[in-house]
Protein chains: 2
Amino acid sequence: MRLSHAIQDYLKTIYALGVEGRPVSTTAIARRLGIAPASVTGMLQRMASMSPPLIHYRKRRGVTLTEEGERIALETLRHHRLLETYLVVNLGYSWDAVHEEACRLEHVISEDFERRIAEALGNPERDPHGDPIPTPDLTMPQSDSCPLASLQPPQRAVVRRVCNEEPPFLRHIARLGLKPGVRLEVLERSAFDHNLRLRLEGHEDELILGPAVTERIYVEVIS
Amino acid sequence: MRLSHAIQDYLKTIYALGVEGRPVSTTAIARRLGIAPASVTGMLQRMASMSPPLIHYRKRRGVTLTEEGERIALETLRHHRLLETYLVVNLGYSWDAVHEEACRLEHVISEDFERRIAEALGNPERDPHGDPIPTPDLTMPQSDSCPLASLQPPQRAVVRRVCNEEPPFLRHIARLGLKPGVRLEVLERSAFDHNLRLRLEGHEDELILGPAVTERIYVEVIS
DNA sequence: ATCTTAATTTAGGATATACTAAATACGTGT
DNA sequence: ACACGTATTTAGTATATCCTAAATTAAGAT
């Protein structure tokens, strides 16, 4: 049975908000999707009473995904991230412009289309922002990156992932040269504002970044 | 203002059925879209009363497109045919598999996406079936092809266009080698069933085709 | 234990897009 | 001019997805 775009978006959202199986609240979903909480309640009730059910719903306790719900969330996420990658690699989009386009395309492409772009890209494991792409059998590649914000001088690390889809943020990051794959060294962490001073590999000048940035950038520490 | 997929489909259909400005009937639209005539009436009324109106609607007389309606029909058709071309040329689809995929994608791609695939393809004027692709300023390329069915021996012609999207039909045509660009010579036209006997350039054996096929294949006569 | 506030759900509507059944208009042949 | 069959429209419903306003529940503070 073909599910609606709206439902696919709900599932993606619940997947994204539900770290380690903890239930996701109505309000959190509403905020993320930009719709009224009351509308979310209605939809959650419907999704819980479908067969098979897409979510476990406990009144006023929040929701978690069923196996079926997670399957569809991952399917949609795979579409999204493969599309983002394809748009950048094969159609010359800049990385800040792909999210919106992929959000619309992800709901309508066929499994055939998915397979073809995956193959054209060489079955990538990461999209241009470094987000892991669910594999064809819908398991999410794991990685042990941590927020840049958690590093201490003089640790060195590689940028792995930028966790914010907003175009202005992404343009800012790109201008600084912080794209996935870039190596960096933390020079100083200031006490109260938690700013980080760091140097990027191959760059002369230093950067100072606040937590609003460093918490969104995930890195892998170089031992 | 962004129009719904449904409305875009109605406009495409009215465009396709409305040869030389003649009004299109409710029933014809319903048949083509596979929905009930009553549903079409409702939608046509809505489309006629939008601002700007998308169609001229005269009760029980049928509808024609307004300038705005035609603009959107052509825009959608441009999307559709560029997508079909892109799927065949850049993603290796066979020509009988692209219609369905393009029907879903055409409603969600951005103008930016349109521009990029057009450029990647070298701004083609025809899709894989030979259908003309509206230009970026939304004029439809004209051509003077005619149905293969209208030829008489010993006329010679080039296949230009196959006017039927059904995958089995397209597979049949491809198996015969009748793709756009192929030259052929009409050897005989039989009197009552209007079968055509013909030979394709570069093929040894002859073909005999009935009107169900020859009326769907458009050719340009070689003088 | 109660009060207050924030989160959530219920109730009642709106819109877009379909449906079926019934009513109406049109065009053709007599 | 009329009657019949076909095309079309109207009327009344259904579903999906959103909304706002009001009611309810839960959780933390006094």
Side-chain angles (χ1 to χ4, degrees), chain A residues 1-14 17-18 22-65 68-69 72-73 76 103-104 106-108, chain B residues 1-14 17-18 22-65 68-69 72-73 76 103-104 106-108:
Chain A
M1 167 214 18
R2 193 90 182 168
L3 294 168
S4 70
H5 303 183
I7 288 180
Q8 290 177 23
D9 283 339
Y10 276 87
L11 291 172
K12 256 196 345 179
T13 302
I14 295 166
L17 295 175
R22 231 174 311 125
V24 178
S25 76
T26 304
T27 322
I29 298 169
R31 214 180 4 246
R32 186 63 111 78
L33 291 175
I35 61 188
S39 310
V40 174
T41 298
M43 182 60 118
L44 294 181
Q45 290 169 343
R46 217 157 57 76
M47 288 167 69
S49 63
M50 296 174 78
S51 49
L54 302 174
I55 54 174
H56 300 293
Y57 174 51
R58 300 179 58 205
K59 246 191 182 186
R60 290 166 214 276
R61 295 296 184 82
V63 296
T64 55
L65 295 175
E68 177 67 3
I72 294 159
T76 310
C103 271
R104 281 177 279 109
E106 65 187 4
H107 305 297
V108 305
Chain B
M1 172 215 14
R2 192 90 182 166
L3 294 169
S4 71
H5 303 184
I7 287 179
Q8 289 176 25
D9 283 339
Y10 275 89
L11 291 172
K12 254 195 349 176
T13 301
I14 296 166
L17 296 175
R22 229 173 311 125
V24 179
S25 76
T26 304
T27 322
I29 298 169
R31 215 178 5 244
R32 185 65 110 80
L33 290 175
I35 62 188
S39 310
V40 174
T41 299
M43 183 60 117
L44 294 181
Q45 290 169 344
R46 217 156 56 75
M47 288 167 69
S49 63
M50 296 174 77
S51 50
L54 302 175
I55 53 174
H56 300 292
Y57 174 49
R58 300 178 58 203
K59 249 191 181 184
R60 292 166 214 275
R61 297 292 185 84
V63 296
T64 54
L65 295 175
E68 177 68 2
I72 294 159
T76 309
C103 271
R104 281 177 279 110
E106 65 187 4
H107 305 297
V108 305

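Letters A, B, ... are given to chains in the order of the sequence lines, protein chains preceding strands, and every chain is numbered from 1.
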### Query
Can you tell me how far C1' of D:dA16 sits from CD1 of A:I7, to the nearest Å?
9 Å

### Query
Rounded to whole angstrom units, what separation is found between the CG atom of B:L33 and the P atom of C:dC19?
10 Å

### Task
Find the distance A:R31:CZ to C:dA6:C1' and express it as a whole number of Å.
12 Å

### Summary
Numerically ordered, the residues 51-59 of chain A set in heavy-atom contact under 4.0 Å with DNA chain C is A:Y57, A:K59

### Query
Between B:Q8 (side chain) and B:I72 (backbone), is there a donor-acceptor pair under 3.5 Å?
no

### Query
To the nearest 0.5 Å, how far apart are OG1 in B:T26 and CE in B:M43?
13.5 Å

### Task
Looking at every strand, decide which applies to B:T41 at a 4.0 Å heavy-atom threshold: base, sugar-phosphate, or nothing.
base

### Euclidean distance, B:T41 OG1 relative to B:K59 NZ, rounded to 0.5 Å
10.0 Å

### Nearest-angstrom distance from the residue atom CD of A:Q8 to P of D:dA16
15 Å

### Query
Can you name the closest pair of heavy atoms from B:L65 and B:H56 and give their distance?
O-CD2, 3.9 Å

### Task
Please work out whether the ring planes of B:H107 and B:H5 are parallel, tilted or perpendicular, with thresholds of 30° and 60°.
parallel

### Query
Whole Å only: how far is the NE2 atom of A:H5 from the P atom of D:dT15?
20 Å

### Query
Looking only at heavy atoms, what is the nearest atom pair of A:A48 and A:Y57, with distance?
CB-CB, 3.6 Å

### Query
What distance do A:L3 atom CG and A:E68 atom CD have between them, rounded to the nearest 0.5 Å?
7.5 Å

Polar-atom pairs under 3.5 Å, protein N or O versus N or O of nucleotides 20-25 of chain C: list them with distances, or write none.
unit_1, atom_1, unit_2, atom_2, d
C:dA25, O4', B:R60, NH1, 3.4

### Query
B:I29 has an atom CD1; how far is it from atom C1' of D:dT9, in whole Å?
14 Å

### Query
Expressed in angstrom and rounded to an integer, what is the separation of B:Y10 atom OH from C:dA16 atom P?
14 Å

### Query
Could you state the interatomic distance from CG (B:L54) to OH (B:Y10), rounded to the nearest 0.5 Å?
13.0 Å

### Separation of atom CG in B:D9 from atom P in C:dA16, rounded to whole Å
17 Å

### Task
Find the distance between NZ (A:K12) and CG (A:D9) and round it off to the nearest 0.5 Å.
5.5 Å

